[in-house]
Amino acid sequence: MRKHIVISGTYSTGKTTTATALSIATGIPMIDASSAREILTSLYPGRRFQDMSITELMALGLSRFEQRVKAETILMDQDKDFISDGSVLNEWVYGMVRLKIGINPGAPVYQQIIKDILGIPTRNFLDKYMKAYGRVVNQRALATYTHVVHLPIEFPMVSDGHRPVSERYRRLSDIQIAKTLKGYGIPFYTVGGTQRERVLRIIELVHLPQLVSIDEAVNRAEKNIQRSRDMVSQRMIEQYHKPSLKEKLKILSHF
């Protein structure tokens, strides 16, 4: 039986580093889907997460869902194991939490209040849309994943000026992701600690091969990820311009 392993968790729990290091250490392919920030620079150049409308947020989520499904399908058609950095559930859960606490949790309070008021007329439709979206992603996840490794929140979110969420948003997302995946009835493990401890523990729990030392795998993963993040951050900085008064009013007036 093939192993389709999800490295699960919310923002800033180290999913990408753990998944990348595990892939390097075991030789198992990792699902190669663009990060939300990478997609943002293509779909909406210059836009900040905290200023996005619900339409823009849905487009970003659907784009990432499409990339994940495409990448997973390629490896499944080739009858290969894979390691997934997050899952098709992530964007759905993030959307559900936004509907509970506001679509722009990282924005100033006055902006959140205005958006909440503007969103009242669409609440019923969005609830129905998210239920339909959830049915699709849950069905997909159940048919795809065989093991879940959940990374708990162990440290504060990195404040880099681009994070689109608040700590409350992060905590609620973590709870919902874990609860949903546990409900599938497939092997579910919660693994914490340093990156080295995580990778070693996952290899032991899921009975994976080891082709590269843990130290080398983690070091290579951290270097590769830092290089990629630096490139994306630089792109975001280059694309961003301070909005004019007219642009600020447009951002505030569009739910």
Side-chain angles (χ1 to χ4, degrees), residues 1-11 13 15-16 18-19 22-23 28-36 38-39 43 52 54-101 103 122-152 164-165 169-191 202 205-206 208:
M1 179 181 176
R2 288 300 178 189
K3 294 177 179 178
H4 301 152
I5 307 160
V6 173
I7 304 302
S8 169
T10 186
Y11 287 96
T13 52
K15 292 191 306 299
T16 301
T18 299
L22 186 64
S23 176
I28 297 174
M30 187 177 83
I31 293 300
D32 186 16
S34 300
S35 69
E38 288 175 297
I39 296 172
L43 277 181
M52 297 180 78
I54 191 66
T55 301
E56 293 167 338
L57 287 166
M58 287 193 294
L60 189 151
L62 289 170
S63 179
R64 199 164 190 214
F65 174 69
E66 177 192 29
Q67 286 196 13
R68 287 188 190 277
V69 170
K70 187 181 295 184
E72 290 171 354
T73 301
I74 289 172
L75 292 177
M76 290 171 72
D77 286 347
Q78 295 174 354
D79 193 30
K80 290 185 177 180
D81 297 335
F82 67 71
I83 295 163
S84 180
D85 173 10
S87 73
V88 293
L89 289 178
N90 282 63
E91 281 64 49
W92 169 65
V93 168
Y94 295 155
M96 291 289 286
V97 175
R98 284 179 188 274
L99 290 185
K100 289 181 180 178
I101 69 171
I103 68 166
T122 63
R123 171 67 60 177
N124 187 49
F125 167 77
L126 288 174
D127 286 342
K128 291 179 179 179
Y129 172 83
M130 292 307 294
K131 285 179 181 178
Y133 185 9
R135 187 173 181 85
V136 172
V137 298
N138 275 277
Q139 187 176 53
R140 171 72 192 186
L142 271 167
T144 303
Y145 306 130
T146 63
H147 298 77
V148 176
V149 176
H150 188 72
L151 308 182
V165 298
Y169 177 106
R170 193 164 73 125
R171 289 194 304 272
L172 291 174
S173 297
D174 177 70
I175 292 168
Q176 186 61 52
I177 289 170
K179 179 182 177 181
T180 304
L181 289 169
K182 279 182 180 178
Y184 291 161
I186 61 177
F188 182 99
Y189 312 99
T190 299
V191 176
I202 295 168
L205 287 169
V206 192
L208 302 177

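Under the side chain to side chain contact (heavy atoms under 4.5 Å, CB included) rule, H150 has a single partner from V191, V6, D174, which is D174. Just one residue in the list R98, R140, R64 forms a salt bridge (Lys or Arg N to Asp or Glu O under 4.0 Å) with E91, and that residue is R64.
Residues T190 and P152 come closest through the heavy atom pair CG2-CD, 3.9 Å. The two residues P29 and S23 make their nearest non-hydrogen contact at C-OG, 4.0 Å. Residues D85 and K15 come closest through the heavy atom pair OD1-CB, 3.3 Å. Closest approach of G9 to N90, counting heavy atoms only: O-ND2, 3.3 Å.
Contact of the T144 side chain with the V88 side chain is not registered, since no non-hydrogen atoms from C-beta on lie closer than 4.5 Å. Counting heavy atoms from C-beta outward, I103 and M52 have side chains that stay 4.5 Å or more apart. S87 places a side-chain heavy atom less than 4.5 Å from the side chain of Y145. Looking at H147 and L205, their side chains never come closer than 4.5 Å, going by heavy atoms from C-beta outward.
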After noting the C-alpha distance and the side-chain angles of T122 and I54, does the key distance pass the side chain to side chain contact (heavy atoms under 4.5 Å, CB included) rule? CA-CA 10 Å; T122 63; I54 191 66; 6.0 Å; no
Take T146 and I186 through the side chain to side chain contact (heavy atoms under 4.5 Å, CB included) test and state the conclusion after the steps. CA-CA 6 Å; T146 63; I186 61 177; 5.9 Å; no
Quick one, Y169 with Y11, criterion side chain to side chain contact (heavy atoms under 4.5 Å, CB included). Give me CA distance, side-chain angles, the key distance, then yes/no. CA-CA 9 Å; Y169 177 106; Y11 287 96; 3.6 Å; yes
Criterion side chain to side chain contact (heavy atoms under 4.5 Å, CB included) on V148 and Y189, from CA distance to verdict: CA-CA 6 Å; V148 176; Y189 312 99; over 6 Å; no
Could you walk me through whether Q176 and Y94 pass the side chain to side chain donor-acceptor pair (under 3.5 Å) check? CA-CA 9 Å; Q176 186 61 52; Y94 295 155; over 6 Å; no
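In terms of modelled atom types and a separation under 3.5 Å, the side chain of T13 and the main chain of T10 share a donor-acceptor contact. Under a 3.5 Å cut-off, the side chain of T73 and the backbone N or O of V69 do form a donor-acceptor pair.
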If you look only at distance, which donor and acceptor atoms sit under 3.5 Å apart when one is on a side chain in residues 126-139 and the other is two or more places apart or in another chain?
from : atom 1 : to   : atom 2 : distance (Å)
N138 : OD1    : Y184 : OH     : 2.7
N138 : ND2    : G134 : O      : 2.7

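Between atom CG of residue L43 and atom OG of residue S63 there is a gap of 5.0 Å, rounded to the nearest 0.5 Å. Annotation: the span from D77 atom CG to E72 atom CD amounts to 11.5 Å, rounded to 0.5 Å. In this structure, I177 CD1 and S8 OG are separated by 5.5 Å, a value rounded to the nearest 0.5 Å. Summarising the geometry, atom CG belonging to L62 is positioned 11.0 Å from atom CG belonging to L57; distances are rounded to the nearest 0.5 Å. Atom CG of residue L22 and atom CG of residue L208 lie 6.0 Å apart, to the nearest 0.5 angstrom. Distance check, rounded to the nearest 0.5 Å: CZ of R68 to NZ of K70 gives 14.5 Å.
Under the ring-ring contact (aromatic ring centres under 6.0 Å, His included) criterion, F82 pairs with H4, sequence neighbours left out.
No salt bridge links K3 with D81; every basic N to acidic carboxylate O contact stays at or beyond 4.0 Å.
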